Amino acid sequence: MHPIRKQRLQIILLVLLFATLAAGLIIYVLGQNANFFYTPSQIKNDEYRKGSTLRVGGMVVEDSIKRFDETLAVEFTLTDGNAFIAVVFDGILPDLFAENEAAIATGVIKDSGELIASQVLAKHDENYTPPELTETMDYLKSTNYKNK
Amino acid sequence: MIAEIGQISLILALCTCVLMLVTPILYTQFQNGIWLRLSRPLAINHLLLILTSFICLTVCFLIDDFSVRYVAQNSNTLLPLVYKVSAVWGAHEGSLLLWMLVLGGWTAGVAFLGSKISAKFRSHMLSVLAIISLGFLLFLIFTSNPFERILPIAPEEGGDLNPLLQDFGLIIHPPLLYMGYVGLAVPFAFAIAVLISGTMEKEYIAWCRPWINIAWAFLTAGITLGSWWAYYELGWGGWWFWDPVENASLMPWLIATALMHSSSVTEKKGTIVTWTILLSIAAFSLSLLGTFLVRSGVLTSVHAFATDPERGVFLLVMLALFVGGSLFLFAFKGHKLASNQNANGWTRELLLVINNMLLVSMTIIVLIGTLYPLVSDILNLGKISVGPPYFDFFFVPTTVALAIFMGMSASSRWSTSNLSESMKRVILPLVICLISSIFVVFAIEAFSRNYSFSWSALITFIAVLWIFLTLIEDIHLKLRTKMVGVIKNKSFLGMTVAHCGLAILILGVGLSSAYSTQEDLRMKPGSSTYISGYRFNFRELNEIEGPNYSASQGVFDIYVGDNLRGSVAPEKRRYFSGRDVMTEAGIRTNLLKDIYISLGEPINNNEWSVRLYVKPMVRFIWIGGFLIAVGGIIASFNRRKS
């Protein structure tokens, strides 16, 4: 083979190899850090990736917020109208976190079925609902959902 | 009436754009120079019309004309005057009008500061800018009209400007950012004009470089300011969240950074011309992508996008036309620009190409991380969010690599490969940097009770010292070999300032993440807590009144031992209009260390959840960012030999 062509071929192969490695690494790291969103119903029906960090969203059930003494730990229940999930969170709740409002908890589900949250998000201003929750909140509003 | 004047001005600006667009075509048709001479008055007319429209909207805000829907939605009579002005660009419609105003300004700039390029080339550039302006004016008038009236009955009182935006940072953040975003349209128009003409003159790229530098400097300043604003205004103490909106501004910045470096090679050596052209197209395409992501509503929800497709689809079509059209042109004409000069070996060109590869890789990583959740949702593969660890995983090593090659480029030369000389030059900086970094990190561990050994701090010190020491070595060598002329060169000075800025930025990022302490806890007035060598005493809780809000204000005294070092007063504000609640952090800084306190929520009658941070070196992030921007400005004043 002509030496210039040979050199070009080597460069192309090297670039391909590097690109493949990089793409593989990106896909792997992306997979490790992509947090899936689920509704409480999906969790109840076991339709989620066990053991990984995930996000669960719904409406905060009325009278479900319980505080612990001494620490910041707080417990509340999220619902999508069909199922419930208990969330335990040790930290500062966002400003607009409230009963009968939308919230998303990120964390890991324990064997007991509780979500141990590392982060809780609520709407960040009056006219905004977290995008994942628009459907759930519209559904709850349309059924005029109240505590059963 | 005022709103109608604004409206008509916009329509007239649209007509001006059409004229500006066709002047080169008419020139080619009739070969009459008058068509080329027309482009200047048209450009200034375009700017004045948009400015008129912008002033009209501002006046509508100042006189509380709530019959204009946009004003009614984003302002009220209680809003302080300065925020009434900044509310003009506080939401979608007005923000696009600002976008247009900035584009008008850049276009007029090209028209009047383009004496070094031929009239024909300039008219081609203006024609491209006019197409962009045309697209956005159509978008503004048909989907996002800021002058739309609420008729027949106007509301008595308006809504409110989002309280998060009622802040000094938000007054100047969007204009700065847009100056950068939209300024990248100039190199884009340049690239298209070069592709049309089929040749790249050396003087032309020399003419274009200051435009790239200035747009890039504004973008840098805008992003830095946004990060600073997020830090003190959002109350979470973070300065970068890998939020899609932030990523949308970071991508064009990374590519524009690559473009600055590649264009220096193209000017000096006449090589990598096609690559520079491609980067110019990519930088503005990513600006457009950012505008699409932020302005289409697609980030709020792809479903919202599907139910109200007007804006999103319009922007998407425009994005496809601009990116597709320019890449199509590039595919057909780009090869004509290819240069055959190949420099081999350890040259500065090679190092700058490596810099470009790293920056482009970083952009691709951000692009994938930003678009993957959207694609996944559209394809019904699940709703996901990509967390910061993904970005951190890739950005830490690539940034370190950038720093290493930055140091090496200081000791390399244009064209001539001299690896052994380069290596000899970097040995001393390398040795000093390794030894002193290790020494400093262990000294911090030994002498401070609050900080333990940290690998990230060690890597940070090595990277930062490496950049500084190689710069010093280079300046020292230039002084010794009487190359003082090079040092006095604005281009060299600008580069040095910007590289020092990056080193300072890395120092801030690395050390603040290595040595920060955060504590969330319950406190009541009168109670104290110890963090990182400080005692925080929650002295009292007051109820205070602002112009358009009421607030709970906590007063915290900070002690070292028994000495009072200062007090901060974080607030929890409740705005009268709407039910918005805002956390206003209390921050005490002495440049080297920030103490950051924000109020969480009342837990019971007298206890509050409180967030306390001690963040060393965090200020360096923004100081570094602004130095980078200053470097870009300095470099753009470089006088070139003609």
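Note that this is a predicted model, so its numbers are computed, not measured. Each chain gets a letter, A, B and so on, in the order its sequence line appears, and its residues count up from 1.
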Q: Is the closest side-chain heavy-atom distance between B:Glu601 and A:Leu93 below 4.5 Å?
A: yes

Q: Within the structure provided, determine whether B:Ile384 and A:Phe37 are in side-chain contact (heavy-atom separation under 4.5 Å).
A: no

Q: Answer yes if the side chains of A:Thr71 and B:Arg522 hold a donor-acceptor pair under 3.5 Å, and no otherwise.
A: no

Q: Counting only non-hydrogen atoms closer than 4.5 Å, does A:Glu70 touch chain B with its backbone (N, CA, C, O), its side chain (CB onward), both, or neither?
A: backbone

Q: At a heavy-atom distance under 4.5 Å, which candidate from B:Ser376, B:Ser385, B:Pro373 has the highest pair count against chain A?
A: B:Ser385

Q: Taking atom CD as the centre, does B:Gln518 end up with more than 12 heavy-atom neighbours from other residues, nucleotides or ligands that are less than 6.0 angstrom away?
A: yes

Q: So which heavy atom on A:Asn33 is nearest to which on B:Pro389, and how close?
A: OD1-CB, 3.2 Å

Q: At a 4.5 Å cut-off on heavy atoms, which part of B:Tyr390 comes close to chain A: side chain, backbone, both, or neither?
A: both

Q: Count the heavy atoms of every other residue, nucleotide or ligand shown that sit under 6.0 Å from OH of A:Tyr28, and state whether that count exceeds 12.
A: no

Q: Give me the atom names and distance for the closest heavy-atom approach of A:Val29 to B:Phe393.
A: CG2-CE2, 3.5 Å

Q: Side chain, backbone, both or neither: which part of B:Leu599 has a heavy atom under 4.5 Å from chain A?
A: neither

Q: For a quick test of reading the model, state the closest non-hydrogen atom pair linking A:Leu72 to B:Leu521 and the distance between them.
A: CD1-N, 3.5 Å

Q: In terms of heavy-atom proximity below 4.5 Å to chain B, should A:Leu25 be classed as side chain, backbone, both, or neither?
A: both

Q: Could you state the interatomic distance from CG (A:Asp90) to CG (B:Asp520), rounded to the nearest 0.5 Å?
A: 8.5 Å

Q: Identify the heavy atoms of B:Gly600 and A:Asp95 that sit nearest to each other, and give their distance.
A: O-OD1, 4.4 Å

Q: Mind listing the closest non-hydrogen atom pair of B:Gly369 and A:Leu30 along with its distance?
A: CA-CD1, 4.4 Å

Q: Carefully, step by step, assess A:Val74 and B:Ile603 under the rule side-chain contact (heavy atoms from CB on, under 4.5 Å).
A: CA-CA 10 Å; A:Val74 56; B:Ile603 292 172; over 6 Å; no

Q: Could you look at B:Phe391 and say if it's the side chain, the backbone, both or neither that has a heavy atom under 4.5 Å from chain A?
A: neither

